[in-house]
Colleague: 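Please find one structure pasted underneath; my questions will follow.
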Amino acid sequence: MSERDIAWDFHLRKLSASGRDSNTANDPASDSSLLPSVKKLHEICKNESSEDLVARVYPSINKIFQRAVASLSQSRTSNGLLLLEILQFYLDFGEVVLHDADPSLRTFFRLCLSREFADPVVAEATLEFLIINKKKLLTSFPNLLPQFFPLLLKLVAWNGERLEKLFLKAFPGLMSPGSFISLFPSLVDLPILVVALEKVEKSSGPLIGSSIASIQKNTAPKMLLALMDEAYTGSTIEDGGGDSESEDNSAIDVADPFFLELLKDENDGIAERPWSSPVMAAILQASVNSPYSDRLKAVLNMAPHLLDVYFSIALHTVNNSLICALIPLLMSRFATIFPDKIFSYEVRKRLLEFMLSTFQCSPNFIALLKKPIMDRLGEAYDSPEKTELALQLCWAIGEHGGGGGSHKDEARELFESLELLLYENLSSSRVGMTQEVSDEDTYRRSSQSRLLCFVVTAIAKLATYHRELLPRARVSLGKVARSRISDPRVWRRACDFLGLMKDPAICASILGPSRPAQGTTQKVGSINWSEGSTKMIAHIPFYILGEQEGPPFHDFSFSDIIPSI
């Protein structure tokens with residue numbers, strides 16, 4: 001009898017005996033020798049490539065899987081590693097024994113990983129399992145990971161940067177048409193998820209071996225009051241003594257919907273988050289008022305990297321209809337981000353880069369999304385974040401002609417929104433003279449003057465692209481040129497553009513589209529502004545308009561930047 005046969009018989013008997021042992025029959029994972037036996041039998045089946053061996057061992061392994069799943073709610077031992085090894089057997093030999101692994105995989109996520117995602121060993125083994133079987137999971141079970149992406153985000157959020165590299169390898173599998181939109185707010189809110197999980201642990205004990213769903217059902221009311229008390233008084237309910245605790249037990253009878261949404265395990269397709277929830281306000285206030293935990297610090301660094309991968313995949317593989325649907329959500333979330341200065345800066349920078357990249361690739365999105373864009377322009381002065389978003393949208397409107405030459409009606413409506421924004425400033429003197437000059441006033445003036453410069457530029461560029469708007473643009477810019485505006489930059493820019501409009505050829509070269517429309521060639525005499533980074537041409541037209549005398553301060557020929565006839 002060969003050594004392989006001896007090992008086979010020994011480990012197969014071990015599997016059979018485990019079912020008859022009264023101590024382990026109802027909790028297979030409590031037998032520490034069972035996992036090595038399953039691994040060894042799996043290894044022998046792979047090495048021998050024998051369907052007969054697979055058929056002989058499959059019934060025993062399948063029974064262990066069923067018993068382990070049935071014992072999860074009562075087991076005090078981790079079942080994750082044992083179930084992962086059995087799942088690997090199913091994926092490798094499912095076709096041989098006609099076993100559909102999909103129900104088993106979903107059972108593992110719902111019943112096991114939901115209880116053991118906080119176990120670092122199980123978490124790492126799960127990610128390695130997903131990476132090893134990435135191709136098979138994407139082809140045979142394409143909806144599995146997109147369905148359970150909230151659970152996998154909890155896994156990486158809780159275990160921190162140690163698993164970041166592994167998670168980034170598995171992350172593309174989480175994206176599908178059904179999860180693309182709802183995945184975005186989950187990534188942006190990853191720090192809030194960490195804070196919520198830490199509050200759950202503080203209120204209910206260790207997360208390992210506990211179902212978040214049951215914790216929510218039993219302790220979310222207590223947790224809600226604890227969060228609000230910590231946020232607004234600086235103390236916790238436990239600090240208040242027994243009376244406070246007894247009052248808490250009867251204060252709220254149902255779990256807050258915010259926790260049901262934030263701590264869910266499966267994707268339900270809902271992308272909106274209840275930012276008006278009192279729990280959300282309490283979480284944000286409490287997190288700002290207290291020192292960050294190491295876990296929260298790690299996630300604040302990790303979330304922008306995940307967004308990088310998300311946006312990269314979106315730009316290269318996701319269809320335009322989904323990207324177009326994402327942009328309004330992106331705009332709505334621009335001002336509602338976890339209030340850490342560095343984190344919010346990094347996230348907003350990526351949101352703007354992605355939004356402008358999509359407009360660059362598909363200028364018609366500006367016309368399709370005119371309503372949300374106009375809404376954001378109307379909120380330009382609600383907060384500094386919304387001012388910055390409006391500023392970037394103004395640039396995109398002017399740069400891409402309001403969606404292109406075929407969208408004249410949409411361009412006209414966007415032009416009217418820009419006019420309204422401009423006239424609102426002139427009539428209410430938002431940037432006008434005031435007697436008080438505080439630091440806040442100085443910042444507000446600078447911010448609004450910067451926005452007005454972009455509005456004036458967008459009006460001029462949009463009118464250059466759609467020449468039927470030129471008369472209205474001259475009127476708008478003329479009002480700025482005649483107004484007593486405090487910032488000379490805005491006044492000077494309006495005067496410059498009025499001067500440009502007197503010479504249509506130069507105006508078209510400077511303010512016209514930076515690239516030819518799709519299917520057309522660049523007009524003769526138009527300047528290649530895309531080459532400005534290498535030929536330093538941005539100041540030349542204004543040098544000419546300034547009527548300066550003497551030789552130009554450049555050492556190259558205009559033929560370098562103007563296409564030859």
Colleague: Are Trp395 and Thr457 packed together at the side-chain level, in the sense that at least one heavy-atom pair is separated by less than 4.5 angstrom?
Modeller: no
Colleague: Would you say the side chain of Leu152 lies within less than 4.5 Å of the side chain of Phe109, judging by non-hydrogen atoms?
Modeller: yes
Colleague: Rounded at 0.5 Å granularity, tell me how far CZ in Arg489 sits from CG in Leu452.
Modeller: 10.0 Å
Colleague: Would you find a donor on one side and an acceptor on the other, under 3.5 Å apart, between the side chain of His316 and the backbone of Ser312?
Modeller: yes
Colleague: If I compare all heavy atoms of Arg110 with all of Glu266, which pair ends up nearest, and what's the gap?
Modeller: NE-OE2, 2.7 Å
Colleague: Count the heavy atoms belonging to other residues, nucleotides or ligands that lie under 6.0 Å from NZ of Lys169, then report whether that count exceeds 12.
Modeller: no
Colleague: Do Leu329 and Arg333 have side-chain heavy atoms sitting under 4.5 Å apart?
Modeller: yes
Colleague: Check whether any side-chain heavy atom of Met331 sits under 4.5 Å from a side-chain heavy atom of Asp375, and report yes or no.
Modeller: no
Colleague: Taking all non-hydrogen atoms of both residues, which atom of Leu263 and which atom of Val200 are closest, and how far apart?
Modeller: CD1-CG2, 3.7 Å
Colleague: Are Leu470 and Met501 close enough, and set up right, to give a side-chain contact (heavy atoms from CB on, under 4.5 Å), and what steps lead you there?
Modeller: CA-CA 8 Å; Leu470 271 174; Met501 290 178 182; 4.1 Å; yes
Colleague: Check the pair Val480 / Leu498 against side-chain contact (heavy atoms from CB on, under 4.5 Å), numbers first and verdict last.
Modeller: CA-CA 10 Å; Val480 177; Leu498 283 172; over 6 Å; no
Colleague: Would you say Arg467's side chain and Ala463's backbone share a donor-acceptor pair under 3.5 angstrom?
Modeller: no
Colleague: Between atom OG of Ser446 and atom CG of Leu451, what is the distance when rounded to the nearest 0.5 Å?
Modeller: 11.5 Å
Colleague: Could you check whether any side-chain N or O of Arg376 sits under 3.5 Å from a backbone N or O of Ala390, counting only pairs where one atom can act as donor and the other as acceptor?
Modeller: no
Colleague: Spell out, as yes or no, whether a donor-acceptor pair under 3.5 Å connects the side chain of Asn267 to the backbone of Gly178.
Modeller: yes
Colleague: State whether Tyr423 and Lys479 meet the cation-pi test: NZ (Lys) or CZ (Arg) under 6.0 Å from the six-membered ring centroid, and within 45° of the perpendicular axis.
Modeller: yes
Colleague: If only side-chain N and O atoms count, and only distance matters, is there a donor-acceptor pair under 3.5 Å linking Tyr292 with Asp340?
Modeller: yes
Colleague: Any heavy-atom pair between the side chains of Phe454 and Gln392 that's under 4.5 Å?
Modeller: no
Colleague: Does the side chain of Leu300 reach to within under 4.5 Å of the side chain of Phe338, using non-hydrogen atoms?
Modeller: yes
Colleague: Before we go on, tell me: are the rings of Phe365 and Phe359 under 6.0 Å apart, centre to centre?
Modeller: no
Colleague: Between Arg295 and Asn159, is the side-chain contact (heavy atoms from CB on, under 4.5 Å) condition met? List the steps.
Modeller: CA-CA 8 Å; Arg295 188 175 285 112; Asn159 291 281; over 6 Å; no
Colleague: Determine whether a donor-acceptor pair (N or O, by modelled atom type, separation under 3.5 Å) exists between the side chain of Arg493 and the backbone of Val456.
Modeller: no
Colleague: Inspect the surroundings of NZ in Lys349 and state if more than 12 heavy atoms from other residues, nucleotides or ligands are less than 6.0 Å away.
Modeller: yes
Colleague: Judged by atom type as modelled, is there a donor-acceptor pair below 3.5 Å linking the side chain of His466 to the main-chain atoms of Gly401?
Modeller: yes
Colleague: Enter the distance from Lys461:NZ to Leu469:CG here, rounded to the nearest 0.5 Å.
Modeller: 14.5 Å
Colleague: Side chain of Asp189, backbone of Ile192: donor and acceptor closer than 3.5 Å?
Modeller: no
Colleague: Please lay out, stage by stage, how Arg106 and Phe148 fare under the test side-chain contact (heavy atoms from CB on, under 4.5 Å).
Modeller: CA-CA 9 Å; Arg106 295 180 184 276; Phe148 290 98; 4.0 Å; yes
Colleague: With a 3.5 Å distance limit and no angle check, can you tell me whether Ser140 reaches the backbone of Leu137 through a side-chain donor-acceptor pair?
Modeller: no
Colleague: Is a side-chain donor-acceptor pair under 3.5 Å present for Thr387 with Gln448?
Modeller: no
Colleague: Test Lys370 against Glu413 for salt bridge (Lys or Arg N to Asp or Glu O under 4.0 Å), laying out the working first.
Modeller: CA-CA 8 Å; Lys370 66 172 184 178; Glu413 293 182 50; 2.6 Å; yes
Colleague: How far does CG of Leu187 sit from CG of Leu307, to the nearest 0.5 angstrom?
Modeller: 5.5 Å
Colleague: Does some side-chain heavy atom of Leu422 sit less than 4.5 Å from a side-chain heavy atom of Glu419?
Modeller: no
Colleague: Measure across Ala303 and Phe343 and return the closest heavy-atom pair with its distance rounded to 0.1 Å.
Modeller: CB-CE1, 3.6 Å
Colleague: Are Lys154 and Leu193 side-chain neighbours, meaning at least one heavy-atom pair lies under 4.5 Å?
Modeller: yes
Colleague: Strictly under 6.0 Å, is that where the ring centroids of Phe354 and Tyr310 end up?
Modeller: no
Colleague: Could you report the tightest heavy-atom contact between Ala367 and Gly402, atom names first, then the distance?
Modeller: CB-O, 3.8 Å
Colleague: Would you say the side chains of Arg450 and Ser447 form a donor-acceptor pair under 3.5 Å?
Modeller: no
Colleague: Can you give me the closest heavy-atom contact between Leu462 and Ala411, atom names plus distance?
Modeller: CD2-O, 3.6 Å
Colleague: For the residue pair Arg472 and Phe415, would you count it as a cation-pi contact if the rule is NZ or CZ under 6.0 angstrom from the ring centre and within 45 degrees of the ring axis?
Modeller: no
Colleague: Quick one: CG on Asp308 to CZ on Arg350, what's the gap to the nearest 0.5 Å?
Modeller: 4.0 Å
Colleague: Taking all non-hydrogen atoms of both residues, which atom of Pro191 and which atom of Val299 are closest, and how far apart?
Modeller: N-CG1, 3.7 Å
Colleague: What distance separates Tyr465 OH from Lys408 NZ, expressed to the nearest 0.5 Å?
Modeller: 8.5 Å
Colleague: Would a distance-only check, ignoring hydrogens and angles, find a side-chain to backbone donor-acceptor pair under 3.5 Å from Thr317 to Ala314?
Modeller: no
Colleague: Between Ser179 and Leu174, is there a donor-acceptor pair closer than 3.5 Å when you use the side chain of the first and the backbone of the second?
Modeller: yes
